[in-house]
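Please read the structure below before turning to the comments.
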2 protein chains.
Amino acid sequence: MAAHSPFLEGNQNVQRSVLPSQLKIACSNCNLRELCLPVDLSIGEMQQLELLSHAKHNYTRGSYLYRIGDKLHSLYAIHSGSFKTQFLHEDGREQVTGFQMVGEIIGLDAISTDRHNCDAVALENSEVCELPFNKLESLSRELPSLQRHLHKIMSSEIVRSQGIMLLLGSMRAEQRLAAFLLNLSQRFAARGLSPTRFQLRMSRQEIGSYLGLQLETVSRAFSHFQDDGLISVKVRSIEILSLQRLQSCLNSSP
Amino acid sequence: MAAHSPFLEGNQNVQRSVLPSQLKIACSNCNLRELCLPVDLSIGEMQQLELLSHAKHNYTRGSYLYRIGDKLHSLYAIHSGSFKTQFLHEDGREQVTGFQMVGEIIGLDAISTDRHNCDAVALENSEVCELPFNKLESLSRELPSLQRHLHKIMSSEIVRSQGIMLLLGSMRAEQRLAAFLLNLSQRFAARGLSPTRFQLRMSRQEIGSYLGLQLETVSRAFSHFQDDGLISVKVRSIEILSLQRLQSCLNSSP
DNA sequence: CATGGATTTTGACATATATCAAACCGTTGT
DNA sequence: ACAACGGTTTGATATATGTCAAAATCCATG
């Protein structure tokens, strides 16, 4: 989706040198990548922001970060690990609406109603930084660049959803899976991780739910890609052998 | 989706009485329903907000409010008429991502990249109020309730998209159409218009694109609902005969 | 009021994906 | 090491929806 700029990363101290046009920082206690990186803040402002996110919490695989109906207190910046968000259908079935990884912000769904509209579940043991939403709002009233960036994050989420609507509405199984893998690839790349070899932290079931497919169809699509030499999968480990050829899967006509 | 509260509507003058807890207003030159209604503003603040939206523009059926790639200048409050938003696929096909009607805000997709990520096309002759985004941002820095509400509007859009993901990912043709009609019904109801008799301003093709179906499938679903006595359709005119029975279509298992 | 083009409906058929079922792993715990 | 269990793969079949084609209807225009 959105192009990511290169960045520095680390867990060193708070003080950073301010680089010419783009402030490159990593928060002392949390990689607030999404929230901080493109924002052009002074060091003093950064410190204010960091004060926001003093609380870091751990979540074990399968535990809930929040549940449908929970009151909105905070947004969360994922410091390590990953989550899924899911709607719960009246009739019991669930639909995965997204997978979130390191550096992404989770919880935006709750702002409209003051209550969370989906569940967020840890896919592995994970750490999140809590960003009390009231404080975020008041700080963004003082810092126009933070305000703008908060708006951008929300708008990105809208654009992301629209991309998935496109995927669900007009792509077939293998195109969907290709799009999904390429999206993961880009997100790993943007974090300086390998864009071709990574772990799938979610089950075939969850991938299927996200892509509007049955788990068997997902499995078959994986097998097919493998037979065609596009990827090499071993259950949860995947290597993309040709990003280019995978990309060309997206442009098949019907 | 979100519950709508009752409201007053009209094109009278600016001055309004402030009701106990909820300010109920209609802007003098634009029904900024989405933007104003749930916001608890003083009359002075209201006037500031109205100053924002002095520009009202007309769009004829089929004309573009904005196009993919256009620079973000403003959000738009629909004063009359309706629009569709659509993505354009690389390979030329388009996917409708939403239909917007009176009182709704359009343009939120552009904030993330400073450029519009979809086309917005008038479905009929329509009027919009322009809300320069810079002014909206600076005003919302001064007015916390406006800020909060702007956030809510964006978040609602996120939740709306997630609802459509659910629809596209796990409902079949007739369930999708039922959900679509019920959603329209609610939105008409919230505007004080008939929830059971209204015009469909979009083609079967556009409905299909939005619902991830072919136009023939949409047409067949309409016919089927009609045969079952749930609705009465005559091309673009529809009457819902039993909201309740239509609603029960949503809960069929597979 | 008649004509022509676009939209919608209906039909027959093809196909992608769902569904059901069984076999195959990989992991966990005893 | 073995058993037990959940997740995954693979196979056979069913079905909802897509596709193609023709007829019917609507709507704009002269």
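What you see is a predicted model, and the numbers here were worked out from it, not measured in a lab. Convention: sequence-line order gives letters A, B, ...; per-chain numbering from 1. Note that these values count all heavy atoms, side chains included, but never hydrogens, waters or copies made by symmetry.
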Whole angstroms only, please: what is the [atom1]-[atom2] distance between [X] and [N]?
X	N	atom1	atom2	answer
Leu200(A)	dT9(D)	CG	C1'	15 Å
His224(A)	dT9(D)	NE2	P	15 Å
Leu213(B)	dT19(D)	CG	C1'	14 Å
Ile238(B)	dT9(C)	CD1	P	10 Å
Arg204(B)	dA6(C)	CZ	C1'	14 Å
Arg61(A)	dG6(D)	CZ	P	13 Å
Arg201(B)	dT8(C)	CZ	P	13 Å
Gln205(B)	dG18(D)	CD	C1'	13 Å

Counting side-chain heavy atoms from CB outward, which of [options] is closest to [X]?
X	options	value
Arg172(A)	dA18(C), dA16(C), dG7(D)	dA16(C)
Ala173(A)	dT17(C), dT17(D), dT8(D)	dT17(C)
Lys234(A)	dT8(D), dG26(C), dT10(D)	dG26(C)
Thr217(B)	dT17(D), dC26(D), dT9(C)	dT17(D)
Ser219(B)	dT10(C), dT8(D), dT17(C)	dT10(C)

Checklist entry - Is Met154(A) close to Ile111(A) at the side-chain level, that is, under 4.5 Å between some pair of heavy atoms? => result yes
Donor-acceptor pair (no angle test) under 3.5 Å: [X] side chain, [N] base:
X	N	answer
Arg220(B)	dG11(C)	yes
Glu216(A)	dC20(C)	yes
Arg236(B)	dT25(D)	no

Checklist entry - Knowing that exactly one of Gln199(B), Arg201(B), Glu124(B), Gln100(B) qualifies, which makes a side-chain hydrogen bond (donor to acceptor under 3.5 Å, both in side chains) with Ser82(B)? => result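 One option only clears the test, and that one is Glu124(B).
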Item to check | Parallel, tilted or perpendicular, as decided by the 30° and 60° cut-offs, for the rings of Tyr66(B) and His116(B) | outcome: parallel
Checklist entry - Counting any heavy atom closer than 4.0 Å, what does Leu215(B) reach on the DNA or RNA strands: base, sugar-phosphate only, or nothing? => result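 Result for Leu215(B) = base.
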Checklist entry - Hey, does Gly212(A) reach any base, or is it just sugar-phosphate, or nothing, if we go heavy atoms under 4.0 Å? => result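 Touches sugar-phosphate only.
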Item to check | Reported OG-to-CG distance for the pair Ser63(B) and Asn125(B), which is rounded to 0.5 angstrom | outcome: 8.0 Å
Next on the checklist: With no hydrogens and no angle check, just 3.5 Å: does a side-chain donor-acceptor pair link Ser80(A) and Glu127(A)?
Outcome noted: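 Ser80(A) vs Glu127(A): donor-acceptor pair found between side chains.
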Item to check | Side-chain N,O (Ser203(A)) to OP1/OP2 (dG6(D)) below 4.0 Å | outcome: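 Looking at the OP1 and OP2 atoms of dG6(D), neither is under 4.0 Å from any side-chain N or O of Ser203(A).
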